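Within every chain, numbering begins at 1; the chains are lettered A, B, ... in the order of the sequence lines, protein sequences first and strands thereafter. Because the structure is a prediction, the values reported are computed rather than measured.
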Amino acid sequence: MTIQELAAHVGQEVTLKGWLYNKRGSKHLLFLLLRDGTGLAQCVAAADSVDAGTWRVADEATQESALTVTGKVVLDERQAGGVELVVSSLALVGASAEYPITPKEHGIDFLMSHRHLWLRSRLPWAILRIRNRLIASIHAFFQERGFLQMDAPILTGNAVEGTSSLFELDYFDEKAYLTQSGQLYGEAMAMAFGRIYTFGPTFRAEKSKTRRHLTEFWMIEPEMAFFDLEDTLGLAEDLLTRVVRDALAHCAEELAILGRDTAPLERVRKPFPRISYTEAVDLLRSDATARMLEDRMQALEEENAALAEELAANRKRYGQAKKGERRRLDAREIAIRRRADEIAEALQNLPAWKDSARSFEWGSDFGGSDETVLTWHFDRPAMVHRYPAAAKAFYMKRDPDDARLAMALDVLAPEGYGEIIGGGERATDLAFLEEQIAAHDLPKEAFEWYLDLRRFGSVPHAGFGLGLERLLTWIGGIDHVRETIPFPRLMGRLSP
RNA sequence: UCCUCGGUAGCUCAAUGGUAGAGCAUGCGGCUGUUAACCGCAGGGUUGUAGGUUCGAGUCCUACCCGGGGAGCCA
């Protein structure tokens, strides 16, 4: 019996196996909050209705002790799942001494160093269950459409586009690299099977310390023969609407635990705005963008003032407050300070972001802040297409109507989250690709197998890469991508 | 590599250059419906490291180490 099944067994005697998440109680009555991976359930033990051994185990159990609990399921509307367990007997499976993650706030450094234990807490539980749902949903989407899942190699023999960002390793005295993308292999597989998708790990050695970067992350890369840019935009749109719908339908509890406002997710419906890179640049440089950023700054200033006022009022009350009230005021003060820090940082960043947007030059790629600013203009994912070819990879197809442009696409998640998908239509012409390889100063020998795809029945084809962790960060409304993978790999952090 | 903020009890944080404290956790005691329960008592400190200024340094100065956020970088 698992906790998530309890509600269907009201009135029955059941046995749960799990860990003690928290405990409250009095001399003759204990409330044990049990965790079994599927959820939390309150188990009530009364001194006069259990045997002495059970009472002693319950009384002495510490946080994260492993327990088996037998009791009767009863309705209790005060509980999260609507039910609780009235304990008849209870046994200790594994003791737990001085569990480090206490029911109180912790700093990110401490939590990251205890990630192996932090996974047991409620927020990671909610986030990683949504991750599971997204993975299942993505597979279902592609499988239902006849795509075959295929794996690209993780070890590769050459650095595909520039060498600086890859992890290098020794492969029997040869240089090898951890893959940064399965895309070129995806193209070969698409020529063999029609429509395929890869789903696997990807590695980037960039020294980026930001909330959107990991050095190891999971990417989904569909690649489709006989697809053009328009077909691919439609596919990305269908995929995102599907996974958001599934998350809303199956992860209501998890999203509630995260405090995610689901209204922006409910708005994720077709059609998504489609704007060209050139239109996006115009939008960035517009008065509308400048005004929007000024409004945001002003709103933050006002919020800041309100918080400062509340802080002062709370401090005045603190003197006469009783202990319980003081604790609440302390907690509120910490929350206010944290928010004030965020506001201060935003107020420090926004003027620079405004300048960056205003003075953006046609031809360069969008920076993180430019993407964020663009997303604030739309209430659903925005699809930006036709980028300057110089800013994109060598294998991108050129726009037949404007040779400066590549048939690339990016999808920017709303609410400031930014790029979750990058891809486009691939070049089909052998001579053009040979030129590009030379122009990018790439070793032609390494690409001979790739060029074969153009020598033997070259067809229009396209694909994209979807970053799983960035997708989840957006859907969960999470601050930092590191919380969306069980054991994040970041610059300067390789353990646990 | 650069900018910026930080490092004080196991954890989260306080502390005008002048006796290092609180909450949580732990231990003991109280309480028969708690929801981060509550109430009382107790133990718990090389204030990141190394120097310097000062009668006196958690606080000021210098260097270094570690971490957060951001920039650059990043299909």
- Message: Looking at E361(A), I'd like to know if its CD atom is crowded, meaning that more than 12 non-hydrogen atoms belonging to other residues, nucleotides or ligands lie closer than 6.0 Å.
- Response: no

- Query: Of R212(A) and G367(A), whose closest RNA chain B nucleotide lies nearer the 5' terminus?
  - Reply: R212(A)

- Message: Rounding to an integer number of angstrom, what distance separates A22(B) and A14(B) when you compare their C1' atoms?
- Response: 7 Å

- Note: F217(A) and R204(A) closest approach over all heavy atoms is CE2-CG, 3.6 Å

- Query: Nearest-Å distance, NZ (K23(A)) to P (C31(B))?
  - Reply: 16 Å

- Separation of U12(B) P from L111(A) CG (nearest whole Å): 8 Å

- Considering only heavy side-chain atoms of S208(A), the closest of G72(B), G67(B), C24(B) is G72(B)

- Item | Nearest-angstrom distance, C1' atom, A15(B) to C2(B) | 34 Å

Filtered N/O pairs between nucleotides 1-6 of chain B and protein, under 3.5 Å:
none

Can you tabulate the close N/O pairs, meaning under 3.5 Å, that link protein atoms to atoms of nucleotides 33-35 of chain B?
from, atom 1, to, atom 2, distance (Å)
G33(B), O2', R78(A), NH1, 3.4
G33(B), N1, E84(A), OE2, 2.8
G33(B), N2, D76(A), OD2, 3.0
G33(B), N2, E84(A), OE1, 2.8
G33(B), N2, E84(A), OE2, 3.0
U34(B), O2, R24(A), NE, 2.8
U34(B), O2, Q42(A), OE1, 3.4
U34(B), N3, Q42(A), OE1, 3.0
U34(B), N3, Q42(A), NE2, 2.8
U34(B), O4, Q42(A), NE2, 2.6
U34(B), O4, Q79(A), NE2, 2.9

- Task: Determine the interplanar angle of the Y277(A) and W362(A) rings, folded into 0 to 90°, and report it as parallel if under 30°, tilted if 30 to 60°, perpendicular if over 60°.
- Result: perpendicular

- Query: Among U32(B), G70(B), C24(B), which is the nearest nucleotide to the side chain of T102(A)?
  - Reply: C24(B)

- Task: Could you measure between the two C1' atoms, the one in G40(B) and the one in U59(B), and give it in whole Å?
- Result: 34 Å

- Note on the structure: In whole angstroms, the gap separating P of C11(B) from CG of N22(A) amounts to 20 Å

- Crowding at CZ, R56(A) (>12 non-hydrogen neighbours, <6.0 Å): no

- Message: Looking at every heavy atom in both P488(A) and R115(A), which two are closest together, and how far apart are they?
- Response: CD-NE, 4.0 Å

- Query: Between W449(A) and Y185(A), does the ring centroid distance fall short of 6.0 Å?
  - Reply: yes

- Message: Please give the distance between the P atoms of A36(B) and G72(B) as a whole number of Å.
- Response: 42 Å

- Using a 4.5 Å cut-off on heavy atoms from C-beta on, say whether the side chain of E469(A) contacts that of W218(A). yes

- Message: For a quick check of understanding: with a heavy-atom distance under 4.0 Å over all strands, which category does H28(A) fall into, base, sugar-phosphate or nothing?
- Response: base

- Take the angle between the ring planes of H116(A) and H114(A) and call it parallel below 30°, perpendicular above 60°, tilted in between. parallel

- Task: Tell which nucleotide pairs with G21(B), taking only Watson-Crick or G-U wobble pairs whose two distances are both under 3.5 angstrom.
- Result: C13(B)

- Query: Roughly how far apart, to the nearest Å, are G51(B) and A57(B) at atom C1'?
  - Reply: 14 Å

- Task: For D370(A) and S356(A), run side-chain hydrogen bond (donor to acceptor under 3.5 Å, both in side chains): C-alpha distance rounded to whole Å, both residues' side-chain angles, the deciding distance at 0.1 Å, then the answer.
- Result: CA-CA 7 Å; D370(A) 304 313; S356(A) 164; 2.8 Å; yes

- Note on the structure: Any strand, both distances under 3.5 Å, Watson-Crick or G-U wobble: G72(B) pairs with none

- To the nearest Å, how far apart are D365(A) CG and C73(B) C1'? 12 Å

- Query: Looking for any heavy atom pair under 4.0 Å, which part of the strands does H114(A) touch: base, sugar-phosphate only, or nothing?
  - Reply: nothing

- Taking atom P in both A9(B) and G48(B), compute the distance separating them and give it to the nearest angstrom. 8 Å

- Message: Of the options G68(B), A25(B), U12(B), whose atoms approach the side-chain atoms of H106(A) most closely?
- Response: U12(B)

- Message: With heavy-atom distances below 4.5 Å as the criterion, would you say the side chains of H213(A) and H480(A) are in contact?
- Response: no

- Task: Measure from CG on L40(A) to P on A36(B) and round the result to the nearest Å.
- Result: 12 Å

- Message: From CG of D59(A) over to C1' of C31(B), roughly how many Å is that when rounded to an integer?
- Response: 13 Å

- Query: So do K72(A) and V87(A) actually touch side chain to side chain, heavy atoms under 4.5 Å?
  - Reply: no

- Across every strand shown, the nucleotide meeting Watson-Crick or G-U wobble geometry with A50(B) (both distances under 3.5 Å) is U62(B)

- Using the P atom as the reference point in each nucleotide, state the distance between C24(B) and A37(B) in Å, no decimals. 10 Å

- Taking every heavy atom of E237(A) against every heavy atom of F272(A), the minimum-distance pair comes out as OE2-N, 2.7 Å

- Item | CD1-OH distance between I138(A) and Y197(A), expressed to the nearest 0.5 angstrom | 9.0 Å

- Message: Does R122(A) reach a base, just sugar-phosphate, or nothing at all? Heavy atoms under 4.0 Å.
- Response: nothing

- Task: Decide yes or no for M383(A) and D410(A): does some side-chain heavy atom of the first lie under 4.5 Å from some side-chain heavy atom of the second?
- Result: no

- Message: With a 3.5 Å limit on both atom pairs, tell me what G40(B) is paired to, counting Watson-Crick and G-U wobble, or say none.
- Response: C28(B)

Please enumerate all protein N or O atoms sitting under 3.5 Å from an N or O of nucleotides 26-29 of chain B, with distances to 0.1 Å.
from, atom 1, to, atom 2, distance (Å)
U26(B), O2', E98(A), OE2, 3.3

- Item | C1' gap between G6(B) and C74(B), integer Å | 27 Å

- Atom CG of L20(A) and atom P of A36(B): how far apart are they, to the nearest Å? 15 Å

- Query: Starting at the 5' end of RNA chain B, which residue's closest nucleotide do you reach first, G107(A) or G465(A)?
  - Reply: G107(A)

- To the nearest Å, give me how far apart CG (D109(A)) and C1' (G48(B)) are. 12 Å

